[in-house]
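Side chains are part of it too, since the values below use all heavy atoms of this structure and drop only hydrogens, waters and symmetry mates. Chain letters run A, B, ... following the sequence lines, proteins first, then strands; residues in each count from 1.
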2 protein chains.
Amino acid sequence: MTYLPHLNSIFSVDCVIFAFDEGELKILLIERNQDPYGDWFALPGNMVNNDESIDTAAERVLYELTGLKGIYMEQFYTFGDLGRHPKGRIITVAYFAMIRLTNPKELRPVTAYAKNASWVSIKELPELAFDHKSIFEKGFERVKSKISYQPLAFELLPEKFTLTQLQNLYEIILNKKLDKRNFRKKILGYDILKELDEKQKGVSYRAAKLYKFDRRKYSKYFQNELSFSKD
Amino acid sequence: MTYLPHLNSIFSVDCVIFAFDEGELKILLIERNQDPYGDWFALPGNMVNNDESIDTAAERVLYELTGLKGIYMEQFYTFGDLGRHPKGRIITVAYFAMIRLTNPKELRPVTAYAKNASWVSIKELPELAFDHKSIFEKGFERVKSKISYQPLAFELLPEKFTLTQLQNLYEIILNKKLDKRNFRKKILGYDILKELDEKQKGVSYRAAKLYKFDRRKYSKYFQNELSFSKD
DNA sequence: CCAAAAGTGTTTTGTTTACACCCATGG
DNA sequence: CCATGGGTGTAAACAAAACACTTTTGG
């Protein structure tokens, strides 16, 4: 690399990790344990190592916090304003991820730079370190606009779900009420759901049918779009 | 920055600069004058300096080659695979720009790293250095999908243009034929064009009315979307 | 007067929206 | 038997697509 100037630049990845929990859309926040912004809430992120791609770095950050691999992640923007980090020029590549919360909701905040990690409703976000508020907002915008033409939503739901659960999730993300009949007509019309021979259990009203997302059907009809989930 | 590892990382910006010329969509390519990929065609790009934001770096690259400022540019993706640069890990942030070619079509390839710069039709692109082919493709995809709901096309046309010119440009970008009456109905229906008291000159057939894009009307109705041109 | 492109409406088709009642289940 | 959400169709409004001829101009 001798012909290139050594700029001592630093770059990192930051992740907006979405989950759907208790009827709310939440993101994973860490509490920082070092300055600057010591004790502040922040998006999970880390430096990119010399021997890993940025995608790998993002997957690593997610894995270190959640123990999950093979999660849908997508790079959405790179933030490189001069003032974004008080200690110098650090460019950060931002990703969003969609994860399916299993019941124990276990997190393992084993990273050196975080003393705690928790799921926080996007409606009650605290102030965030650096420019992480803008990063979150841009990521959420991206999710909102993609959700209408790509099956991102399924990544947040359990494998088997009811149409009402799916509709609720869309309503929360899009922040508007949807008509039940029209919603069902449309989503079933895409023919990307598989109806299961199984019903909801443990509810004190008529049990709803369970469905699962059928990746095979999806890729048959929409093979144009990039794969939206790594198998 | 002492608390952060010094990774000696390097990052750059690369630009896919579009223009509409002789009825074709073209991008600006340079011929490299140093290894690796000496003599190859490549997208214009450069290292990001320590004291500039990535947006500024992209504007600088464009300015150095074309002498133009205040051009619409948009960051679209960051490429950071390990193998993308043979001499080491270089992350590059990619931008596209849309420029209005004035008649002399002058370029000033005054940069140190390029011995020539020229407009090349996207239908006849040569092999490109590094992963620049993928960068171009991703950028073009973005333009194609944005053109339908944001007024990017106007950035490529002269200030005064005919509806047929506008339609041709859409057809070339979308790579499909459009119906003349439907196109006019739709584009006029958005009410973002101003009809001028002026007609085409020097044509040997009925002269068409000239229009210009009316930024004021546009921002009135679509103030949601980010500004698509810096004034 | 001819070649070339400008300009102009209506019909058909498909898509989106609005809207209300009966059904099944658990307690 | 009742409270709760599950499940279902049709009509109206709107948007998109298909389609062909007359007008203007320069040469």
Side-chain angles (χ1 to χ4, degrees), chain A residues 20 22-24 144-145 147-151 153 157-158 160-213 221-222, chain B residues 20 22-24 144-145 147-151 153 157-158 160-213 221-222:
Chain A
F20 186 49
E22 297 170 333
E24 292 195 292
K144 269 197 265 195
S145 67
I147 201 94
S148 302
Y149 62 94
Q150 280 203 5
L157 290 176
K160 304 170 181 184
F161 52 85
T162 69
L163 293 181
T164 302
Q165 283 166 353
L166 184 61
Q167 182 178 341
N168 284 342
L169 178 52
Y170 270 90
E171 287 178 344
I172 283 163
I173 293 174
L174 297 174
N175 194 32
K176 63 175 173 193
K177 207 99 186 77
L178 302 173
D179 179 272
K180 184 159 60 157
R181 280 179 289 193
N182 293 337
F183 179 79
R184 285 164 182 239
K185 202 190 313 170
K186 186 164 209 174
I187 201 90
L188 293 175
Y190 287 143
D191 192 33
I192 54 172
L193 294 187
K194 186 176 157 80
E195 187 179 332
L196 302 174
D197 286 331
E198 211 176 329
K199 296 200 164 177
Q200 227 177 0
K201 277 185 186 125
V203 292
S204 72
Y205 47 82
R206 174 174 179 182
K209 278 184 211 150
L210 290 171
Y211 290 80
K212 68 184 220 189
F213 174 57
Y221 293 105
F222 303 86
Chain B
F20 187 47
E22 297 170 336
E24 291 195 292
K144 270 197 263 196
S145 68
I147 201 98
S148 301
Y149 62 93
Q150 281 204 6
L157 290 175
K160 303 172 181 182
F161 51 85
T162 68
L163 294 182
T164 302
Q165 281 165 355
L166 184 61
Q167 182 179 342
N168 285 342
L169 179 52
Y170 270 89
E171 288 180 340
I172 282 163
I173 293 174
L174 298 175
N175 193 31
K176 65 175 174 194
K177 205 97 187 82
L178 301 173
D179 179 273
K180 183 160 63 160
R181 277 178 291 191
N182 292 339
F183 178 80
R184 284 164 183 238
K185 204 188 310 170
K186 186 164 210 176
I187 202 88
L188 293 174
Y190 288 143
D191 193 33
I192 55 174
L193 294 187
K194 187 176 157 82
E195 185 180 333
L196 303 175
D197 286 332
E198 209 174 330
K199 296 201 167 178
Q200 227 178 358
K201 276 184 189 129
V203 291
S204 73
Y205 46 82
R206 177 173 176 181
K209 277 184 211 151
L210 290 170
Y211 289 81
K212 66 185 223 187
F213 175 59
Y221 294 105
F222 304 86

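Taking 4.0 Å as the cutoff to heavy atoms of chain B, we find the contact window on DNA chain C bounded by C:dA4 to C:dT10.
Rounding to the nearest 0.5 angstrom, the gap separating the CG atom in A:Asn182 from the CD1 atom in A:Ile187 is 12.5 Å.
Under the ring pair (Phe, Tyr, Trp, His ring centres under 6.0 Å) criterion, A:Phe20 pairs with no residue, sequence neighbours left out. B:Lys194 meets the salt bridge (charged side-chain N to carboxylate O under 4.0 Å, His left out) test with no other residue; sequence neighbours excluded. Applying the salt bridge (charged side-chain N to carboxylate O under 4.0 Å, His left out) rule to A:Lys160 yields the partners A:Glu198; only residues at least two apart in sequence or on another chain are considered. A search for side chain to side chain donor-acceptor pair (under 3.5 Å) contacts involving A:Thr164 returns A:Arg184, not counting sequence neighbours. Listed by chain and residue number, A:Phe140, A:Glu141, A:Ile173 satisfy the side-chain contact (heavy atoms from CB on, under 4.5 Å) test with A:Lys144 (two or more places apart in sequence, or in another chain).
Using a distance-only test at 3.5 Å, with no hydrogens or angles considered, a donor-acceptor pair links the side chain of A:Gln165 to the main chain of A:Thr162. In this structure, the side chain of A:Gln167 engages the main chain of A:Leu178 through a donor-acceptor pair within 3.5 Å.
For A:Leu196 and D:dG6, the CG to C1' distance is 16 Å, given to the nearest whole Å. One interatomic measurement links the two molecules: CD of A:Glu171 to C1' of D:dG5, which rounds to 14 Å at whole-angstrom precision. Atom CG in A:Asn168 sits about 17 Å away from atom P in D:dT4, given to the nearest Å.
Heavy-atom distances under 4.0 Å link DNA chain C to B:Lys180, B:Arg181, B:Arg184, B:Lys185 of residues 173-185 of chain B, given in residue order.
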Worksheet item: In B/S/- notation, 5' to 3', how is nucleotides 22-27 of chain D contacted by protein heavy atoms closer than 4.0 Å?
Response: -BBBSS

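Within 4.0 Å (heavy atoms only), A:Thr162 reaches no atom of the nucleic acid at all.
Residue pairs meeting the salt bridge (Lys or Arg N to Asp or Glu O under 4.0 Å) criterion with at least one member in residues 172-182 of chain A, sequence neighbours excluded: A:Glu171-A:Lys177. Residue pairs meeting the side chain to side chain donor-acceptor pair (under 3.5 Å) criterion with at least one member in residues 202-213 of chain A, sequence neighbours excluded: A:Glu195-A:Lys209.
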